[in-house]
Amino acid sequence: MLDKTLTPGAFETRLYEGWERSGAFACHPESSAQPFTIMIPPPNVTGSLHMGHALTFTVQDTLIRWRRMQGRDALWQPGTDHAGIATQMVVERLLAAEGNQDRRSLGRAAFLDRVWQWKAESGGTITQQLRRLGASLDWPRERFTMDEGLSAAVREVFVTLHRQKLIYRDRRLVNWDPKLQTAISDLEVESREVKGHLWHLRYPVEGQPGEYITVATTRPETMLGDTAVAVHPEDARFATLVGKRVILPLVGRAIPVVADEYSDPEKGTGAVKITPAHDFNDFEVGKRHGVAMPTILDAEGRVFLGEIEGELRAVEGVADPDFLRGLAGQDRFAARKAIVARLEELELVEKIEPHTHQVPHGDRGGVPIEPRLTWQWYADAATLAKPAIEAVETGKTQFVPKQWENTFFAWMRDIQPWCISRQLWWGHQIPAWYGPEGMIFVEKTEAEAQAAARAHFGRDVPLERDPDVLDTWFSSALWPFSTLGWPEQTPELAKYYPGDVLVTGFDIIFFWVARMMMMGLHFKGEVPFRHVYIHGLVRDEKGQKMSKSKGNVMDPLELIDAYGADALRFTICSLTGPGRDVKLGRKRVEDFRSFGTKLWNAARFLEMNGIAPDPTWDPASATTPLARWVLDAANRATAEASAALEAYRFDDYAAACYRFVWGSFCDWFIEFAKPVFNGPDGPEKAEVMGAAQHVLGTILRLLHPSMPFVTEELWDRFGYGPEYSLIRTAWPEAVPVADAEAAHAELDWVVTLITEVRAARAEVNVAPSVTTPLLLKDAAPESLARAARWIEAIRRLGRVTEVTPLEGEAPKGVAQVVVGEATVMLPLAGVIDFAAERARLLKARGAAEGDAKKIEAKLGNADFVARAKEEVVEENRERLVAAKAEIARLDAALARIAG
RNA sequence: GGGCGCUUAGCUCAGCGGUAGAGCGCUUCGUUUACACCGAAGAUGCCGGGGGUUCGAAUCCCUCAGCGCCCA
C-alpha cells in the first residue's frame with residue numbers, strides 16, 4: 001500500500017543506484033539500434049551544481065531518457081574539463097590557506113602533483129551532484145580533458161594544425177591579465193563600466209615654444225610608451241602640425257604627429273596619443289605609420305623602463321628622466337597618480353574631466369587587462385571557421401531556436417586569431433621544443449622533437465620545451481570526438497559521431513558551439529552535432545540574474561531536498577519555453593510539487609481499488625465509452641507529448657502531461673470510474689479496471705523523462721515491470737480505439753451536463769447538502785439514454801437524485817440550464833434564489849446574444865462570404881444557428897420563471 | 001553605434017491570420033471514503049501606443065515608446 005503522502009527522499013537514491021547498477025545508463029556500441037548522442041558540455045572540474053546546471057542537465061536528461069525509451073541506443077557522454085585558470089587558482093588558494101609555499105617556490109612538478117591530488121579529492125563534486133538530479137549519464141565512460149587519451153588528441157591536433165600552418169607563433173598584442181600573469185582570449189575579457197577621468201595633456205610642439213597639441217586620454221600612465229600623436233587627416237585644426245614632432249613630456253623623446261583616420265575629431269580634443277604596445281587600436285595605427293612599439297609595463301603591470309631607457313632626455317620644464325627612474329617598478333595605478341601630479345606641476349595638464357567608460361577586465365582575475373606585446377601561439381580561427389559557417393548556412397547543423405544562428409554568424413564571420421597559449425602550469429603543455437638558432441620543433445613527443453632536431457642540425461642539440469599550456473577551450477573543442485577515442489578509430493567513434501544535439505546556453509555559443517564545430521569539421525569532416533538547442537538563463541523570480549553578490553542564488557540540491565528532484569525537473573520543463581530565460585522562484589517549485597503528489601494519490605486510489613498491471617489486457621477490445629474515451633485521450637496526450645519533445649518544446653510537453661493527468665484522468669476518468677469500482681463485478685468493471693491500469697502505465701511512461709523518480713517508483717511498486725525497468729520501457733504509442741469519436745461525444749455531453757448543473761447550483765446559492773432530480777425538457781432519445789447510462793456519475797458529481805424526461809408542465813421554482821437541444825430543470829422550489837437565477841439566465845442569454853451578433857455581422861459582410869475559406873463560412877453559419885437556438889431556449893426558461 | 005529578443009488576466013507565460021487561453025494568485029462555497037500539495041464555482045483582458053495590409057490582425061508589415069540581452 002502506497003503511503004498517504006509522496007516522500008521523494010524515500011526512494012530517489014535507491015532508484016538512482018538501482019538504475020546505475022543495472023547498467024541502464026549505458027550505451028551499446030555493439031547493438032544495431034540507431035544511436036542518439038548527447039555530448040555533455042563538460043562542466044568545470046572546480047564547479048558545483050547551480051541552477052543553470054539544473055536547467056541544462058534537466059533538458060538533456062529529459063531528451064536522453066525519452067530517446068532511450070524510443071529504442072535509440074542513447075549515449076550521454078559525461079565528464080569535466082580541467083579549467084586551467086580556475087583550477088590553478090583554487091589550488092593556489094589552497095596552498096596559501098595551508099600556509100604552504102606558493103606555486104613558484106614549490107616548482108612545476110610538485111605543484112601539478114598537488115593539483116592532481118586536489119582533483120582526486122574534490123574534483124568529482126559536480127558529477128556526484130548530477131546524480132541527485134537524476135541525470136542518466138553513462139558514468140563508466142566519464143572523461144576528463146587532462147586524461148591521457150584526450151591529451152593525446154590535443155597533441156595530435158596541435159601538431160597537425162601546426163603542419164597545416166593553421167597554428168603559428170606570433171608577436172602581437174594580447175589581452176594580458178596582470179594578476180594571473182597570463183594571456184587570455186577575447187572571450188575571457190568582459191567590459192565593465194568604470195568611473196574614471198579624461199585627462200587632457202599638453203604635448204609641446206618641437207621647436208615652437210609655447211605651442212602645444214592637446215591629447216585626451218583615459219590612461220595617462222601609458223604616455224611613457226607613446227610614439228606618435230594622431231590627428232584626423234581632414235581636421236583643419238591640426239593640418240599645419242602633421243609631419244611636425246612633439247616632445248613627449250616626462251620622457252623628452254620627440255614623436256611625430258601623424259594623420260590617421262582612427263583619430264575621431266568629435267572625441268576628446270581630436271588629437272590622440274598613440275601607444276602601440278599598450279592599446280589595440282594604437283597598435284594598428286603604429287603599424288600603419290611604422291613607429292616604434294616600446295613596452296613600458298611589465299608582466300605584473302608595473303612601470304618598466306628597459307625599452308625606453310636610452311631615449312630619456314631632460315628637457316627644461318617638460319621632461320625629467322630622474323623622476324621617471326623613480327617610477328620604475330611602481331604599480332600602474334600608483335604610476336598614474338604620480339605622473340598626473342608631476343604633469344600638473346609642469347602645467348602640462350589642461351583639464352581633467354570625469355569620464356565613465358568601459359574598461360576591459362579579466363573575467364577570472366577581475367582586474368583591468370593590460371594589452372601587452374608578447375609571443376604567443378595562435379590558431380587561424382578565420383580559416384577554421386569557414387566550414388563551420390557553411391555547415392550552419394546549409395543546415396547541416398541547425399540552431400533551435402533558429403534566431404541564434406545570427407549570433408553565431410556575426411561572431412564567426414568576424415573572428416579574430418585565437419590566442420591558444422596560456423602562461424599557466426595546469427593544462428596541456430604545448431608540444432613545442434626550442435633549439436638553437438631560434439629553431440622550433442613541434443612534435444607529439446620529446447623524442448620526436450629530438451629526432452627532428454637531429455635531422456635538422458645533424459647532431460643532438462639541447463632542446464627546451466615551451467613552458468606554456470593551451471587554452472582549456474582548445475581541449476573542450478575536441479570533446480565530441482576525443483571522448484570517443486579519437487585519434488584511434490574506435491567503434492564508438494564510428495557510431496556516436498556526429499552527435500545529435502548540443503544543449504547549452506546562448507552565452508556559450510562562442511565557446512563550445514563555435515569551437516567544437518571548427519575542430520569537428522576540420523578533423524572529422526562532419527559536424528559534431530546536428531542540432532544546437534539553446535536555452536535561456538535561470539533568473540530569480542524577479543527576473544534578476546542569480547549571483548552570489550546579490551544573494552539571490554538558489555541551491556538546486558536544497559530544492560531537491562525540500563521538494564524532490566522530480567518537482568524541480570518538472571518545474572524546469574514547464575518553464576522552459578523557446579528563447580526565453582527561466583524565472584524560477586522557490587514558490588514555482590513548490591507549486592509544481594503538487595503535481596507529483598496528485599499523480600501519487602491517483603495511483604494510490606487505483607491501488608486501493610485493486611488496479612494492477614495486466615499486460616494481456618487489449619485496449620482494442622474496449623467496448624464501454626468510458627474506457628474508449630480515456631484510451632483515446634491517452635492517445636492524444638501521447639501524440640502531444642511526442643510532438644512537443646520532437647520540437648524541443650519542453651513547456652508544451654509538460655503542459656500536455658499536466659492537462660491529461662490532472663484535467664482528464666484525475667478530474668473525470670477516476671470520478672466516472674468510482675461508481676464502477678464500487679459496483680458489482682462484471683465485464684464493465686473488468687474493462688474499466690483494464691483501462692485504468694493501461695492508462696496509468698501510459699502516464700508513467702509519458703512522465704518518466706521529466707519525472708523519472710516518482711514514475712519509476714510507481715512502476716516498480718505496481719509491478720508493471722521488474723525493479724528499475726521503467727527507464728528502459730518503450731515510449732507509448734497510440735493504441736487502436738474503436739469508435740473513439742462516439743465515446744468522445746458521449747463523455748463530452750456528460751461532462752457538460754454535470755458542469756452546467758454545478759454552475760447553476762453554485763450561482764443560485766443552493767447548499768451542497770441539497771440534492772435534486774433533473775427534468776429534461778425537449779431531450780433527444782440519445783440524451784436520455786446517455787443520462788441513464790451515466791446516472792451514477794451524474795448523481796455523485798451533480799448532487800442529483802434522478803434524471804427523468806419532463807412530463808407535462810414545468811413545475812414552479814426551477815433552475816434551468818441549456819445543454820445542447822435539451823433544457824435541464826432542477827426543481828428547487830423553496831431553496832432557489834429567483835433573483836439570482838434570473839440574473840444567471842440573463843447573463844447566459846447576453847453571452848449567447850453577443851456571440852450571435854458578432855457572427856451575424858460577419859455573415860452579413862458580402863466580402864467575408866465571398867472571400868473567406870468555405871469551411872470558415874460554414875462553421876460560422878453553424879455557430880449562428882446554435883447561438884440562436886440557445887437564445888430561444890434561454891428565453892423560454894426566462895418566461896417560465898417570469899410568472 | 002550595430003544586432004537580437006520582449007511588451008497578452010494581479011503574477012509567470014502559451015497562442016503568432018478566422019469563437020482570447022493555461023498555471024499560480026484572488027473571491028465564494030465544500031470534512032461526497034485518492035489527494036486541503038484537495039474539490040466545485042466565479043471574477044478579472046483597449047493582447048504597449050499609432051498607422052497599414054486583409055473579408056478578417058493578439059497573430060503579418062511599418063512606426064513610436066518602454067524593458068532586457070549580446071557585440072563594438
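Just so you know, these numbers use all the heavy atoms, side chains as well, and skip hydrogens, waters and symmetry mates. Here is how names work: the chains are called A, B, and so on, in the same order as the sequence lines, proteins then strands, and each is numbered from 1.
- Side chain A:K4 to base B:A34: no donor-acceptor pair is found below 3.5 Å.
- The C1' atoms of B:G2 and B:G49 are separated by 26 Å, rounded to the nearest whole Å.
- Across B:A14 and B:C71, the matching C1' atoms stand 31 Å from one another, rounded to whole Å.
- Within the 4.0 Å cut-off from OP1 or OP2 of B:G39, at least one side-chain nitrogen or oxygen of A:K598 is found.
- A:F669 places a side-chain heavy atom less than 4.5 Å from the side chain of A:V688.
- Phosphate contact (OP1/OP2 of B:A14, side-chain N/O of A:R580, threshold under 4.0 Å): present.
- Using C1' as the reference atom, B:C35 and B:C16 are 38 Å apart when rounded to the nearest Å.
- For the side-chain hydrogen bond (donor to acceptor under 3.5 Å, both in side chains) criterion with A:D591, the lone passing option out of A:R593, A:R588, A:K587 is A:K587.
- A straight line from CG of A:L797 to P of B:A41 spans 10 Å, rounded to a whole angstrom.
- The side chain of A:I670 sits closest to B:A34 out of B:A34, B:G18, B:A14.
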Watson-Crick or G-U pairs under 3.5 Å in RNA chain B, rendered as dot-bracket with [ ] for crossing pairs and | for another strand: ((((((((.[[[[.)..(..]]]].(((((.......))))).....[[[[[..)....]]]]]))))))).
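- Between A:F570 atom CZ and B:U12 atom P the separation is 21 Å, expressed in whole Å.
- Closest contact between the side chain of A:E875 and the listed nucleotides B:C37, B:G42, B:U19 involves B:U19.
- Taking for each of A:S594 and A:E671 the nucleotide of RNA chain B with the nearest heavy atom, the 5'-most of the two is the partner of A:E671.
- Side chains of A:R799 and A:R758 form no contact here, defined as non-hydrogen atoms less than 4.5 Å apart.
- At a threshold of 4.0 angstrom between heavy atoms, the contacts of A:A868 include nucleobase atoms, whether or not backbone atoms are also involved.
- Residue contacts for A:D591: at a heavy-atom cut-off of 4.0 Å it reaches the sugar-phosphate backbone alone, with no base atom in range.
- Residues that satisfy the ring pair (Phe, Tyr, Trp, His ring centres under 6.0 Å) test with A:F511, not counting sequence neighbours, are A:W473.
- Between the CZ atom in A:R604 and the CD1 atom in A:I611 there is a gap of 15.0 Å [rounded to 0.5 Å].
- Per the geometry, CG belonging to A:L2 stands 12 Å off C1' belonging to B:C35, to the nearest Å.
- Distances were taken from every side-chain heavy atom of A:V872 (C-beta onward) to each of B:C4, B:A40, B:G18; the shortest belongs to B:G18.
- For the atom pair CE of A:M51 and CG of A:L584, the computed distance is 4.0 Å after rounding to the nearest 0.5 Å.
- Distance A:K402 NZ to B:C4 P: 15 Å, rounded to the nearest Å.
- The side chain of A:W662 places no N or O atom within less than 4.0 Å of a non-bridging phosphate oxygen (OP1 or OP2) of B:C37.
- Between A:E558 and A:R586 there is a salt bridge, with a side-chain nitrogen of the basic residue lying less than 4.0 Å from a carboxylate oxygen of the acidic one.
- At B:G23, none of the side-chain N or O atoms of A:K587 fall inside 4.0 Å of OP1 or OP2 (strictly under the cut-off).
- B:G15 and B:C70 are spaced 27 Å apart, taking the C1' atom of each and rounding to whole Å.
- Rounded to whole Å, the P atom of B:A57 lies 13 Å from the corresponding atom of B:G51.
- Taking the P atom of each, B:G3 and B:C46 are spaced 33 Å apart, rounded to whole Å.
- Here A:F672 pairs with A:W668, A:W790 under the ring pair (Phe, Tyr, Trp, His ring centres under 6.0 Å) rule; sequence neighbours left out.
- A salt bridge does not link A:R717 to A:E607: none of the charged nitrogens lies less than 4.0 Å from a carboxylate oxygen.
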Per-nucleotide protein contact string for nucleotides 66-72 of chain B (B base, S sugar-phosphate only, - none; heavy atom under 4.0 Å): ---S---
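- B:A9 and B:G25: their C1' atoms are spaced 11 Å apart (whole Å).
- Taking the six-membered ring for Trp and thresholds of 30 and 60 degrees, A:Y658 and A:F592 have ring planes more than 60 degrees apart, a perpendicular arrangement.
- Distances were taken from every side-chain heavy atom of A:F864 (C-beta onward) to each of B:G18, B:A20, B:G5; the shortest belongs to B:G18.
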Shorter than 3.5 Å, N or O on both sides, protein versus nucleotides 29-32 of chain B: list them out with atom names.
none

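- With A:F605 as the aromatic partner, A:K674 meets the cation-pi criteria of under 6.0 angstrom to the ring centre and within 45 degrees of the ring axis.
- With rounding to whole Å, A:W668 atom CH2 is found 7 Å from B:A40 atom P.
- A:K674 comes within contact range of at least one nucleobase, with a heavy-atom separation under 4.0 Å.
- In this structure, A:R889 does not pair ionically with A:E886, as no charged nitrogen and carboxylate oxygen lie closer than 4.0 Å.
- Between A:F506 and A:W404, the two ring planes are parallel [angle under 30°; tilted spans 30° to 60°].
- Nucleic acid contact class of A:R604 (heavy atoms, under 4.0 Å, all strands): sugar-phosphate only.
- More than 12 heavy atoms of other residues, nucleotides or ligands lie within 6.0 Å of CZ in A:R219, so this atom counts as buried by the packing criterion.
- Residues A:L880 and A:E856 are in side-chain contact: their nearest non-hydrogen atoms beyond the backbone lie under 4.5 Å apart.
- Contact annotation: A:Y658 side-chain N/O to B:C24 OP1/OP2 distance is under 4.0 Å.
- Heavy atoms from other residues, nucleotides or ligands lying under 6.0 Å from NZ of A:K884 number 12 at most.
- Using a 4.0 Å cut-off on heavy atoms, the residues of residues 748-759 of chain A that approach RNA chain B are A:T755, A:R758, A:A759, listed by number.
- Salt-bridge formation is not detected for the pair A:K583/A:D581: no Lys NZ or Arg NE/NH1/NH2 atom is positioned less than 4.0 Å from an Asp or Glu carboxylate oxygen.
- The 5' end of RNA chain B is approached more closely, in terms of each residue's nearest nucleotide, by A:P578 than by the other of A:L606 and A:P578.
- Residue A:R649 places none of its side-chain N or O atoms closer than 4.0 Å to OP1 or OP2 of B:C13.
- Comparing the C1' positions of B:U53 and B:G68 gives a spacing of 30 Å, expressed to the nearest Å.
- Counting to the nearest Å, the C1' atom of B:C4 and the CD1 atom of A:I534 are 13 Å from each other.
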